[in-house]
Participant: 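Structure below; questions to follow.
Bear in mind that the values here come from a model prediction, so they are computed numbers and not experimental data.
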Amino acid sequence: MYTDIPQTIKDIKARFRLFMNGAISHSMREKGLGYKLNFGIEYPRIKEIAQDFPPSVELAQQLWNENIRECKIMATLLYPRTEVRKDIAELWIEEIQYPEIAEYATMNVFQYLPQASDTAFVWIADERPYFALCGYLLLTRLFMGKSILEERSEAEFIDQSITAIATDEPIIQKAAGNALKRFISVQRGNYKKVSKYIQELLTSTNELAVAIAKEIKEESTFA
């Protein structure tokens with residue numbers, strides 16, 4: 001499809017330069033996003049640019065290999081959904097350094113994995129933070145699509161997510177909390193299945209865990 005991948009990437013970077021936002025780029029650097037290059041382009045614009053380039057595994061992989069924020073986001077948009085594989089997804093996760101990229105990779109690539117639910121459960125049990133993060137982000141996406149877990153998987157998810165919220169890993173705590181909120185919204189009665197755990201979290205000395213528990217209780221339609 002692409003006869004000259006390096007030239008295509010040069011063309012994409014040229015497009016990025018047209019929309020570079022120095023203020024946003026500077027703000028991201030101040031927040032610790034230390035990419036080799038960050039054009040500060042907002043996601044809708046990157047998505048618009050991506051529409052001019054046909055999906056390609058090879059192009060997406062080469063873009064992913066660039067230590068440039070917009071290239072990594074573009075890679076998630078150009079990876080063909082029908083070609084998504086667990087081994088490639090896990091190689092990508094090993095290289096993710098920022099939650100923003102994990103979110104776009106999950107939304108645009110990982111949620112299209114075959115047997116995505118099974119993979120998500122493997123990831124949330126992984127001790128590596130970005131694997132766990134992507135696992136909870138993936139489950140959140142599946143719940144947004146109204147996926148319903150089997151009883152055994154449901155119990156495992158509740159146990160893992162409550163444990164994650166009680167840790168001292170903010171990005172994991174928040175992701176697990178969001179997944180739990182989506183789980184509750186899928187089916188009437190799901191809040192009752194987690195209510196006793198939420199009450200326990202409300203008495204925790206972990207301030208973020210308490211805040212997340214309050215959000216879950218307050219936002220639950222069935223609380």
Side-chain angles (χ1 to χ4, degrees), residues 1-116 119-120 122-124 126-138 140-141 169 171-172 175:
M1 182 182 296
Y2 292 97
T3 58
D4 191 341
I5 296 290
Q7 183 58 51
T8 301
I9 292 176
K10 287 181 181 179
D11 294 342
I12 290 171
K13 290 178 182 177
R15 294 283 295 276
F16 288 157
R17 291 188 182 92
L18 293 175
F19 300 104
M20 185 171 183
N21 188 317
I24 293 178
S25 177
H26 178 71
S27 175
M28 288 182 177
R29 285 197 301 273
E30 287 187 330
K31 293 175 182 176
L33 300 182
Y35 297 98
K36 175 184 175 182
L37 184 59
N38 181 352
F39 292 97
I41 305 174
E42 295 180 344
Y43 179 70
R45 178 69 71 180
I46 300 172
K47 190 173 181 180
E48 182 181 308
I49 295 170
Q51 292 175 356
D52 293 334
F53 297 88
S56 160
V57 171
E58 185 178 2
L59 176 59
Q61 188 60 61
Q62 291 300 316
L63 285 166
W64 181 263
N65 291 340
E66 299 276 340
N67 188 16
I68 298 173
R69 172 181 172 271
E70 287 72 15
C71 284
K72 287 192 178 294
I73 296 173
M74 179 77 89
T76 72
L77 289 162
L78 294 183
Y79 203 101
R81 294 176 178 179
T82 56
E83 301 288 336
V84 180
R85 295 182 358 226
K86 183 183 176 184
D87 58 338
I88 298 300
E90 293 185 338
L91 286 174
W92 279 27
I93 295 174
E94 288 177 357
E95 298 173 359
I96 293 176
Q97 298 179 339
Y98 306 111
E100 176 192 35
I101 301 301
E103 290 173 7
Y104 289 130
T106 302
M107 177 172 64
N108 297 324
V109 181
F110 303 160
Q111 72 166 317
Y112 300 105
L113 280 163
Q115 300 178 321
T119 298
V122 172
W123 290 351
I124 65 173
D126 199 301
E127 294 182 356
R128 291 169 291 182
Y130 276 96
F131 275 83
L133 173 60
C134 289
Y136 284 113
L137 291 172
L138 180 51
T140 299
R141 283 278 155 190
E169 290 274 3
I171 62 170
I172 307 303

Participant: Would you call I68 and K13 a side-chain contact if the rule is heavy atoms closer than 4.5 Å?
Facilitator: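 Heavy-atom side-chain distance check passes, below 4.5 Å.
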Participant: Could you report the tightest heavy-atom contact between M74 and L63, atom names first, then the distance?
Facilitator: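 Looks like CG-CD1, 3.6 Å.
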Participant: Nearest 0.5 Å please: distance from the NZ atom of K72 over to the CG atom of N38.
Facilitator: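 That separation rounds to 12.5 Å.
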Participant: How long is the straight-line distance from CD1 of I73 back to CZ of F16, given to the nearest 0.5 Å?
Facilitator: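 Output value for this atom pair is 8.0 Å.
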Participant: Do R69 side-chain atoms and I101 backbone N/O form a donor-acceptor pair below 3.5 Å?
Facilitator: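 Not a single qualifying donor-acceptor pair exists.
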Participant: With heavy-atom distances below 4.5 Å as the criterion, would you say the side chains of E83 and I88 are in contact?
Facilitator: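 No, their side chains stay 4.5 Å or more apart.
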Participant: Can you name the closest pair of heavy atoms from L113 and K86 and give their distance?
Facilitator: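 Shortest heavy-atom contact: CD2-N, 3.4 Å.
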Participant: Atom CZ of R17 and atom CD1 of I12: how far apart are they, to the nearest 0.5 Å?
Facilitator: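 Separation between the atoms: 12.0 Å.
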Participant: Is there a side chain to side chain contact (heavy atoms under 4.5 Å, CB included) between L59 and I9? Walk through the geometry before answering.
Facilitator: CA-CA 8 Å; L59 176 59; I9 292 176; 3.8 Å; yes
Participant: Grab the two heavy atoms, one from A132 and one from I172, that are nearest each other, plus how far apart they are.
Facilitator: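 In terms of heavy atoms, the two residues are closest at CB-CD1, 3.9 Å.
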Participant: Might you point out which heavy atoms bring K47 and L77 nearest each other, and give the distance in Å?
Facilitator: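 Looks like CA-CD1, 3.7 Å.
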Participant: Can you tell me how far the CZ atom of R45 sits from the CG atom of L18, to the nearest 0.5 Å?
Facilitator: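 Taking CZ in R45 and CG in L18, the distance rounds to 9.5 Å.
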Participant: Could you go through Y79 and N108, starting from their C-alpha distance and side-chain angles, then the distance that decides it, and tell me whether this counts as side chain to side chain contact (heavy atoms under 4.5 Å, CB included)?
Facilitator: CA-CA 8 Å; Y79 203 101; N108 297 324; over 6 Å; no
Participant: How close do T119 and P114 get, counting heavy atoms only, and between which atoms?
Facilitator: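 Looking at all heavy atoms of both residues, the closest pair is OG1-O, 4.3 Å.
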Participant: Using side-chain heavy atoms (C-beta onward) and a distance below 4.5 Å, is S56 in contact with T8?
Facilitator: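 They are not in contact (no side-chain heavy atoms under 4.5 Å apart), so the answer is no.
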Participant: Does a side-chain heavy-atom distance below 4.5 Å link F110 with R141?
Facilitator: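 No; the side chains remain at least 4.5 Å from each other.
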Participant: Do you know which two heavy atoms are closest between T140 and A175, and how far apart they sit?
Facilitator: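 Taking every non-hydrogen atom into account, OG1-O, 4.3 Å.
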Participant: Is any side-chain heavy atom of E90 less than 4.5 Å from a side-chain heavy atom of F131?
Facilitator: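 Of all side-chain heavy-atom pairs linking F131 with E90, at least one is under 4.5 Å.
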Participant: Got a donor-acceptor contact below 3.5 angstrom from the E70 side chain to the F39 backbone?
Facilitator: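 Here the side-chain-to-backbone pair exists.
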Participant: For atom CD of E94, decide whether the heavy atoms of other residues, nucleotides or ligands shown that lie under 6.0 angstrom number more than 12.
Facilitator: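 More than 12 within 6.0 Å, yes.
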Participant: Distance check, rounded to the nearest 0.5 Å: T106 atom OG1 versus I96 atom CD1?
Facilitator: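 Separation between the atoms: 6.5 Å.
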Participant: May I ask you to decide if Q97's main-chain N or O and Y130's side chain share a donor-acceptor pair within less than 3.5 Å?
Facilitator: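 Yes: the side chain of Y130 pairs with the backbone of Q97.
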Participant: So do E169 and L133 actually touch side chain to side chain, heavy atoms under 4.5 Å?
Facilitator: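 Sidechains of E169 and L133: no contact.
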Participant: Can you label the angle between the W64 ring and the W92 ring as parallel, tilted or perpendicular, going by 30° and 60°?
Facilitator: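 The arrangement is parallel - the two ring planes meet at less than 30°.
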Participant: Do L137 and W123 touch side chain to side chain, with heavy atoms closer than 4.5 Å?
Facilitator: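 L137 vs W123: side chains apart.
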Participant: Output yes when a side-chain donor or acceptor of E48 lies under 3.5 Å from a complementary backbone atom of P44, and no otherwise.
Facilitator: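 A pair under 3.5 Å: no.
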Participant: Is P6 close to Q62 at the side-chain level, that is, under 4.5 Å between some pair of heavy atoms?
Facilitator: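 No. Closest side-chain heavy atoms not under 4.5 Å.
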